[in-house]
There are 2 protein chains.
Amino acid sequence: MESSDLRNAGLKVTLPRLKILEMLENSEARHLSAEDIYRRLIDLNEDVGLATVYRVLTQFESAGLVQRHNFEGGHAVFELDRGPHHDHMVRLDTGEVIEFFSEEIEKLQQTIAAKHGFIVEEHSLVLYVRPKPKAAHS
Amino acid sequence: MESSDLRNAGLKVTLPRLKILEMLENSEARHLSAEDIYRRLIDLNEDVGLATVYRVLTQFESAGLVQRHNFEGGHAVFELDRGPHHDHMVRLDTGEVIEFFSEEIEKLQQTIAAKHGFIVEEHSLVLYVRPKPKAAHS
DNA sequence: TTTTCTGCAAAGGGTTTGCATCGGT
DNA sequence: ACCGATGCAAACCCTTTGCAGAAAA
């Protein structure tokens with residue numbers, strides 16, 4: 001099923017690659033760092049190297065299977081590219097990543113770029129958020 | 001004139017700090033990496049260490065004198081905090097950084113976060129752009 | 001003089017790469 | 001069997017830190 005994706009990308013269907021794809025598909029968290037994936041595979045007694053995880057993720061990115069995001073905090077996170085574009089909110093208290101999409105913001109970005117004579121090739125929008133305090137009892 | 005800013009931040013007025021501030025104020029490019037600043041000071045025969053540049057920039061950031069941005073490309077860039085918030089466009093062909101501000105986008109961000117029960121503490125919006133091709137002669 | 005700051009070099013964290021071996025096809 | 005993929009360790013890049021000497025206050 002996904003083996004075909006790998007083959008289409010010109011990549012041999014190897015155990016590490018399948019395991020990493022599987023991890024990205026089945027993990028509760030949709031956004032994982034290389035280290036996250038590595039740790040989880042090790043915990044499952046899969047014998048992979050961290051270098052391989054990085055290499056494979058980079059290949060997946062080139063193949064369009066995966067997207068890489070550089071949120072704050074030094075390490076990149078990867079998510080399966082399931083198609084529809086979206087941006088991200090990161091909870092500052094838990095680190096949880098929430099996806100959102102705003103047609104209006106997308107349009108405004110293009111409009112603004114156009115006003116400066118540019119077209120938007122890529123963009124990165126991340127909101128760092130905290131839970132809204134409960135409204136004080138009125 | 002700026003010495004006071006340093007003193008207010010509880011920082012001694014030293015040569016490296018003044019030079020770095022000056023560099024950020026007078027450089028054509030308003031967005032510089034630590035390495036950029038270091039190189040330029042060395043070229044001006046100022047005897048600073050790269051570590052000092054990093055330390056000073058970090059202190060300036062804490063003091064609110066400077067903002068740090070993590071665009072793509074591995075290294076952070078710093079700009080003088082001249083007050084009004086703005087976001088950035090990065091030209092993919094030249095690396096040039098262009099500032100912009102959109103009240104509408106700011107509002108939409110807050111509205112969206114609120115809809116999820118959050119308040120926006122920080123945000124990062126970067127458009128990676130290319131010059132708009134000349135309209136084909138019609 | 002006291003305290004903070006500096007430069008240097010070494011350490012650090014995330015990521016990439018060289019190389020011999022291993023594994024798909 | 002062939003060629004690409006893997007694991008390990010070393011290398012890398014940017015950034016931070018420890019420490020003894022230097023410079024503000």
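Throughout, a chain's letter reflects where its sequence line sits, starting with A, and its residues are numbered from 1. Bear in mind that the values here come from a model prediction, so they are computed numbers and not experimental data.
Separating the CG atom of Asp36(B) from the C1' atom of dC14(D) is a distance of 13 Å, rounded to the nearest angstrom. Rounded to an integer number of Å, the gap from OH of Tyr38(B) to C1' of dG7(C) is 10 Å. Summarising the geometry, the separation between CZ on Arg17(A) and C1' on dG23(C) is reported as 11 Å, rounded to the nearest angstrom. For Leu15(A) and dG23(C), the CG to P distance is 10 Å, given to the nearest whole Å. Rounded to whole angstrom, the span from the CG atom of Asn70(B) across to the C1' atom of dG14(C) amounts to 13 Å. Atom C1' of nucleotide dA5(D) and atom NZ of Lys12(A) are separated by 7 Å, given to the nearest angstrom. At whole-Å resolution of the value, OH in Tyr54(B) and P in dT15(D) are 3 Å apart. Regarding Leu50(B), its CG atom lies at a distance of 13 Å from the P atom of dT6(C), rounded to whole Å.
Remark on DNA chain C: of its neighbouring residues Gly74(A) and Val48(B), the 5'-side contact belongs to Val48(B), judged by nearest-heavy-atom nucleotide. Toward the 5′ end of DNA chain D lies the nearest nucleotide of Gly73(B), the other residue of the pair Gly73(B) and Ala51(B) mapping further downstream.
Ring geometry, His31(B) versus His88(B): the interplanar angle exceeds 60°, so the pair is classed perpendicular (tilted spans 30 to 60°).
When the nucleotides dT25(C), dT16(C), dG7(D) are ranked by their closest atom to the side chain of Thr52(A), dG7(D) comes out on top. When each of dC5(C), dG14(C), dT6(D) is scored by its nearest atom to the side-chain atoms of His75(A), the top-ranked nucleotide is dG14(C).
Between Thr14(B) and dT6(C), a side-chain N or O to OP1/OP2 separation shorter than 4.0 Å is present.
The line from CE of Met89(A) to CG of Leu125(A) is 9.5 Å long, rounded to the nearest 0.5 Å.
Using modelled atom types and a 3.5 Å distance limit, the side chains of Gln67(B) and His86(B) yield no donor-acceptor pair. For the 3.5 Å distance criterion, the side chains of Glu35(B) and His75(B) fail to qualify, holding no donor opposite an acceptor. A donor and an acceptor atom, one from each side chain of Thr52(A) and Arg17(A), are nowhere located under 3.5 Å apart.
If you check every strand for non-hydrogen atoms under 4.0 Å, Ala34(A) touches nothing. In this structure, Arg55(A) reaches the bases: a heavy-atom distance under 4.0 Å links it to at least one base atom across the strands shown.
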